[in-house]
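Taking it in order: structure first as structure tokens, then the write-up.
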Amino acid sequence: MPELPEVEVLVRHLLPQLLSKVVRDVRVQRARTAAPSSPAEVRRALRGATFVNLTRRAKYLLFDLQPKKGSKLVRVLGHLGMTGRMYLLPRACPPPKHAAAVLDLGGEKFVFEDTRYFGRFTLDISAVEKLGPEPLETEEPPGDFARGLKRSSQAVKVKLLDQTLVAGLGNIYASEALFLAGISPRLPARKLTRVQTVQLWKSIRKVLAKAIEVGATIRLAYYETGKGAGLRDTAWAPAEAPSPVERFYVYGRAGEACLNCGQGIKRLVQAARSTFYCPNCQRR
DNA sequence: CACCATGTTCCTTG
DNA sequence: CCAAGGAACATGGT
């Protein structure tokens, strides 16, 4: 589920549901999920606390809770990893098989489901300090972005995944932004002209903003069991999903026709990840 | 069995 | 110290 747009959509969806709810109990099922904090520390910090805010930084969720009256706020950093999802379920609904963390909120429970357990739910918020600029906050390419590109001979696609250059892009939207900018994913980062750098930055913003507008890849599906029902998100909309399915320009479309010129979209592997591009629209 | 998967970190090498 | 490449993490889908 997880790049900047998915996290943004999720945060907007969760905020009103969590606000002013009190955490009655906490279960973090795996040590890895709370690392480098421990499940016990997370439990101790959150039990009895009230949700007062939820924000996003890049792909991270930042939960703010108020323990008792007048005490300092507690902040929990959440990250979805590759397969993380977060949603509320009615109290009677059993948690899913790979529930990395479950918060008892009384009438319902907050579930952090994470099949591959690459995600985080921790008191250690240091990761956000290392992040580069937030793409939707600046219209012109920030110095960190331009300089970061300039001093790297790596392919520009690979550099776009470096969270210190621009924070929040992942494998899908990196390919999408390069397509929109008309830049080859193989171009060495330092070879970008100033014009291309500006173009790329604007394309990143456009791709991310548009994705947020359409709900990113999050699909809310009705969830029903014998013990209750609720809404949860399902990544990669199943056929029966009612919401409009997002169109990617190139991601996952190898062999299909380019929406711009009709030529075949290609797939290549860079830094052990798939890149998708149109060889005709994206030249040097 | 083989290969693929929206992410990050750690280790090695130069 | 830095850049770059690759493996590792863990589970499931096709």
- How about A/Asp124 and A/Thr122: does a side-chain donor come under 3.5 Å of a side-chain acceptor? no
- Task: With the side chain of A/Tyr60 defined as its heavy atoms from C-beta on, choose the nearest nucleotide among C/dT11, B/dT8, C/dG12.
- Result: B/dT8
- Please determine, for the side chain of A/Ser152, which listed nucleotide (C/dA4, C/dG12, B/dC4) has the closest atom? C/dA4
- If we ignore angles and hydrogens, is there a donor and acceptor under 3.5 Å between the side chains of A/Gln29 and A/Tyr117? no
- Go through C/dA10, B/dG7, C/dG12 for me and flag the one nearest to the A/Met82 side chain. B/dG7
- Please figure out whether A/Ala272 or A/Lys97 has its closest DNA chain C nucleotide nearer the 5' end. A/Ala272
- Partner nucleotide, any strand, of C/dA4 [Watson-Crick/G-U, under 3.5 Å]: B/dT12
- Listed nucleotide nearest any side-chain atom of A/Arg30, set C/dA4, B/dA5, C/dT11: C/dT11
- With a centroid cutoff of 5.5 Å and a plane-angle limit of 30°, would you call A/Phe118 stacked on C/dC9? yes
- Message: Is there, by distance only and without an angle test, a donor paired with an acceptor across the side chain of A/Arg273 and the base of B/dA5 below 3.5 Å?
- Response: no
- Taking B/dG7, C/dT11, B/dC4 as options, the one with an atom nearest any side-chain atom of A/Ser274 is B/dC4
- Task: Anything under 30° is parallel, anything over 60° is perpendicular, the rest tilted; go ahead and classify A/Phe112 against A/Phe121.
- Result: tilted
- Query: Is there a donor in the side chain of A/Thr83 and an acceptor in the side chain of A/Arg116, or the other way round, less than 3.5 Å apart?
  - Reply: no
- Task: Kindly point out which of B/dC4, B/dT6, C/dC9 is positioned nearest to the side chain of A/Arg32?
- Result: C/dC9
- Task: Check every atom of B/dT6, B/dT8, B/dA5 against the side chain of A/His79 and return the nucleotide holding the closest atom.
- Result: B/dT8
- Could you measure between the two C1' atoms, the one in B/dT6 and the one in C/dG5, and give it in whole Å? 22 Å
